[in-house]
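None of these values were measured; they are calculated from a predicted model.
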Amino acid sequence: MFTVPNRLARHACGSRRRWAPALALVALVVGLDVRAQQALTLEQALQLAQERSRQLVAQDRAASGAREMAIAAGQLPDPTLKAGINNLPIDGADRFSLTRDFMTMRSISVMQEFTRDEKRKARSARFDREAEAAEAGRAAALANLRRDTAMAWLERYYQERTFEVLQAQRAEAALQIEAADAAYRSGRGAQADVFAARSAVAQIDDRIQQTDRQIATAKTKLARWVGDGADHALGAPPPLAAVRLSGVNLEAQMERHPQFALMLRKEAVARAEADIAQSNKRSDWSVELMYQQRGPAYSNMVSVNLSVPLQWDQQNRQDREVAAKLALAEQMRAEREEAVREYTAEIRTWLQEWQSNRDRLAHYDSALIPLAAERTRAAIAAYRGGAGPLASVLEARRLEIEARVDRLGLERETAGVWARLEYLFPTEPQASMPDLPATLKEQQR
């Protein structure tokens, strides 16, 4: 067996000890770099969610299908081919003969319905409006997807920050157990202080377990949008100090909101259906050309038939249908206007809450947390100097933990409101949306 001389072995061990700090630093830098590369930023999460979404694909297919139907609806109906036997004898000497009776004829015909151009255009326009509604639905789905993904990402981020705060406080509280135990053994403290310190650590442990469960829940919610990427570490959060939405002239901005754009497009579909009902008040004609073949002893014949539906009760049929379609369109318009008013008021509330929470966060940073930290330091100094009880230290530390956790909870709540405001509108340019029909524009005025 080959063995290394002791002198060489000692030299190798000494070299490793000399290089250990540098190697540890390199490993730390490499590890941080790998984690930074794998960190899931909010923008990456949004992109992943958009790429994975099947709802957007469904809306694209719905729009494509409606466009195809718009072309088909603008064509004439298919002609109808008919074949038959007329006046076939079933008794007597000529029964079941196709040639002996002069009235027996074998016929073949083609019938074509000539739908008026106005009606075909109305039917085609109806599917065009449906395609536009599907495109507006895609924009609404994209806005909802980005909002929900951002809220899930932010929820996990702030739950993890809360977990870190609790762990740091738990480490400090564990040191307090050692101090209380040492004071008790030296006769300078009471055993009750030891139990109080252990109770404080147990309470922090309980909150850590609760926060750990909330982090697992937040990862599950984020995985619904981004898939396996939800297990990656998270990057830095976006700044929450500004939103794209302005509180000035909010009603005009709501006209671009994808949900209301979708409602407007559906209203356009209802108007198009009313146009179809109006065009149905004029009947379409059908023409049939028939060739009739008789026996060899008789002449063959040609017939031309014209069919016209008789709308003898338009007041109770066609007019009622038009009125019903128009009423439905007006219903959708009224519902949309009411929804705009309600949602505008809700958004104003979000803006007020977001601004109020920002002011409260500034108050936490400038007053509440510094005061809680100073109180903890003062209580610890008094306890170490024998001028204060351990209970004061534990109470001060508990209040400081509450302040820091409450601050993170407020920031998490503020981030949720920020996400609702920031992702009201999809980032894709709205100029790609088709323009509204001129008739519907006039009605909006």
Side-chain angles (χ1 to χ4, degrees), residues 9-10 12-29 31-32 35 156-219 233-234 361 363-412:
R10 286 195 300 271
C13 291
S15 299
R16 283 197 296 269
R17 283 195 296 270
R18 285 195 301 271
W19 286 99
L23 292 174
L25 180 59
V26 171
L28 177 61
V29 172
L32 290 175
R35 286 194 293 271
R156 179 191 159 188
Y157 176 84
Y158 286 106
Q159 290 291 355
E160 289 179 347
R161 300 294 80 75
T162 302
F163 186 82
E164 292 173 359
V165 168
L166 291 173
Q167 281 189 320
Q169 295 297 330
R170 201 263 183 211
E172 294 182 11
L175 295 177
Q176 205 67 52
I177 294 178
E178 297 178 3
D181 188 61
Y184 170 68
R185 293 182 184 278
S186 63
R188 293 184 295 104
Q191 190 178 23
D193 291 342
V194 179
F195 290 121
R198 290 177 178 174
S199 176
V201 171
Q203 290 177 356
I204 296 176
D205 286 338
D206 180 68
R207 298 193 66 174
I208 288 176
Q209 290 180 0
Q210 181 183 8
T211 305
D212 188 56
R213 179 187 59 79
Q214 291 171 343
I215 290 174
T217 302
K219 284 185 177 180
L234 299 185
L361 287 172
H363 182 60
Y364 265 94
D365 294 336
S366 62
L368 294 180
I369 291 180
L371 287 174
E374 288 294 335
R375 178 180 177 180
T376 301
R377 284 192 289 269
I380 292 175
Y383 174 71
R384 288 175 178 173
L390 180 61
S392 298
V393 177
L394 298 178
E395 177 65 14
R397 190 178 299 281
R398 184 186 66 81
L399 293 176
E400 182 182 355
I401 293 174
E402 291 289 342
R404 294 184 183 278
V405 172
D406 288 347
R407 199 265 182 207
L408 280 172
L410 178 61
E411 188 172 1
R412 183 176 69 250

[X]: side-chain contact (heavy atoms from CB on, under 4.5 Å) partners, not counting sequence neighbours:
X    : answer
D406 : Y364, E402
Q159 : E155, T211, Q214, I215, R412
Q167 : F163, I208
E164 : R161

Does [X] have any salt bridge (charged side-chain N to carboxylate O under 4.0 Å, His left out) partners at least two apart in sequence or in another chain, and if so, which?
X    : answer
R198 : none
D206 : none
R407 : D365, E411

Residues in side-chain hydrogen bond (donor to acceptor under 3.5 Å, both in side chains) contact with [X], at least two apart in sequence or another chain:
X    : result
Q169 : none
D205 : R170
E374 : R377

Taking distance alone, no hydrogens or angles, what donor-acceptor pairs closer than 3.5 Å link side-chain atoms of residues 389-401 to residues at least two apart or in another chain?
residue	atom	partner	partner atom	Å
E395	OE1	R398	NE	3.3
E395	OE1	R398	NH2	3.4
E395	OE2	R398	NH2	2.6
R397	NH1	E172	OE1	2.6
R397	NH2	Q176	OE1	3.4
E400	OE1	T376	OG1	2.7
E400	OE2	R404	NE	3.1
E400	OE2	R404	NH2	3.1

Next item on the list: Report the residues that fulfil ring pair (Phe, Tyr, Trp, His ring centres under 6.0 Å) with Y157, sequence neighbours left out, ordered by chain and then residue number.
Entry: W153

